[in-house]
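Take a look at the structure below.
Lettering follows sequence order; numbering is per chain, from 1.
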Amino acid sequence: MGCFHSKHLRQIPGYEDPTILASETPFTVSEVEALYELFKKISSSIIDDGLIHKEEFQLALFRNRNRRNLFADRIFDLFDYKRNGVIEFGEFVRSLGVFHPNAPTADKVTFAFRLYDLRHTGYIEREELYEMVLALLNESDLALSDDVVEMIVDKTFSDADTKGDGRIDLDEWKEFVSKNPSLIKNMTLPYLKDITLAFPSFVLNTEVEDSD
Amino acid sequence: ATPVTMNAFELISKSQGLNLSSLFEK
C-alpha cells in the first residue's frame, strides 16, 4: 500500500515536493500535504489525471461543471501560470498561497490587478471594467440600467485613474486599494489557516508510506 | 449607497467566481 502510494505520487505530472512548496509559500509542510488532499479531490472529480481541468474547477466552485463565469475563468488562467490549460499541484499551492491570511498584502493587490487586467495589457481599461460589471450583473439579481452602469464605471474611474489617461495602471491600483482596502477582502481565505483540520488524511497516508 | 456611488470594483469583488471559499466545502 505504501509503495503503491509512493509510486503513484511520483507519476503525477506537476507534483512537487511539499518541503519546496512550503519554502516558497506561507504554508507549512503539513499544510501543503493537506492541500494535496484537496487537490486530489478536485483533480479527480471528472478526469482522474492529477491535474485540475477547467470543468473540474467550475464544478468545485459552483457544483456545476458547465457554469461559465468570467471571474472564475480569470482565476483559473492566473492559477495556470504555465498556460497549458490545466492547474498542476505546484501551481495550485503557489497560487493559493497568495490567498493565505499571512501572505503579503502587496501580493494580494498585484494578484487582483492581474485578475482585472482582462486583456493582459498591464492596465485595467475602462471597457474591461464595464465588461466585468456587466458580468457581475449577469450572475446576480441586481438589475441596473445601462446609464447607471456607465455612471458607476465613470465614477470609479474618476476616483482610481488619478493620472487621467483613461486606464488604471498598477501604481494607481495600489493607491486606490490603499484607500479602499475592502477591495481585496476576497483575496484572503481564512480556511487556509485550518487546512490541516479540514483535510488531514494525507498526513496519515504519509506515515503509512514512511513505515513501509 | 445609491447605485451611482457604488464602487465598480467593490461590486465585482462580490462575484461568486471570485469566492474561492467554496473550494473548501465538502
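- For the pair B:Gln16 (side chain) and A:Phe62 (backbone), a donor-acceptor distance under 3.5 Å is absent.
- No part of A:Arg74 comes within reach of chain B, as not one of its non-hydrogen atoms sits under 4.5 angstrom from that chain.
- Between A:Tyr191 and B:Phe24, the ring planes lie parallel to each other; the angle is under 30°, not in the 30° to 60° tilted range.
- Counting heavy atoms from C-beta on, the side chains of A:Ile168 and B:Phe9 come closer than 4.5 Å.
- Looking at B:Ser21 and A:Phe99, their side chains never come closer than 4.5 Å, going by heavy atoms from C-beta outward.
- For the atom pair NZ of A:Lys185 and CG of B:Leu18, the computed distance is 14.0 Å after rounding to the nearest 0.5 Å.
- Heavy atoms of A:Asp73 lying under 4.5 Å from chain B are absent altogether.
- At a threshold of 4.5 Å between non-hydrogen side-chain atoms, the residues B:Glu10 and A:Ser182 count as touching.
- For A:Ile124, the part lying near chain B is the side chain, with the backbone staying farther off; criterion is any non-hydrogen pair under 4.5 Å.
- Put simply, the side chain of A:Asn186 gets close to the backbone of B:Ser13: a donor and an acceptor are under 3.5 Å apart.
- With a 4.5 Å cut-off on non-hydrogen atoms, A:Ile184 does not touch chain B at all.
- With B:Ser15 contributing its side chain and A:Phe71 its backbone, the two residues share no donor-acceptor pair below 3.5 Å.
- The NZ atom of A:Lys179 lies 12.0 Å from the CG atom of B:Asn7; values are rounded to the nearest 0.5 Å.
- Note: B:Ser22 OG to A:Leu61 CG = 4.5 Å, rounded to the nearest 0.5 Å.
- Residue A:Leu142 touches chain B through its side chain alone, counting heavy-atom pairs closer than 4.5 Å.
- To the nearest 0.5 Å, the span separating CG on A:Leu136 from NZ on B:Lys14 amounts to 9.5 Å.
- Contact check for A:Leu129 versus B:Ile12: side-chain heavy atoms found under the 4.5 Å cut-off.
- Taking chain B as the reference chain and counting heavy-atom pairs below 4.5 Å, the highest number among A:Tyr116, A:Tyr130, A:Phe76 is found for A:Tyr116.
- In terms of heavy-atom pairs under 4.5 Å with chain B, the best-connected choice from A:Trp173, A:Phe157, A:Phe57 is A:Trp173.
- Rounding to the nearest 0.5 Å places CG of B:Leu23 at 8.0 Å from CG of A:Leu189.
- Shown here is A:Arg126, whose CZ atom has more than 12 heavy atoms of other residues, nucleotides or ligands within 6.0 Å.
- Atom CE of B:Met6 is separated from atom OG1 of A:Thr156 by 10.5 Å, given to the nearest 0.5 angstrom.
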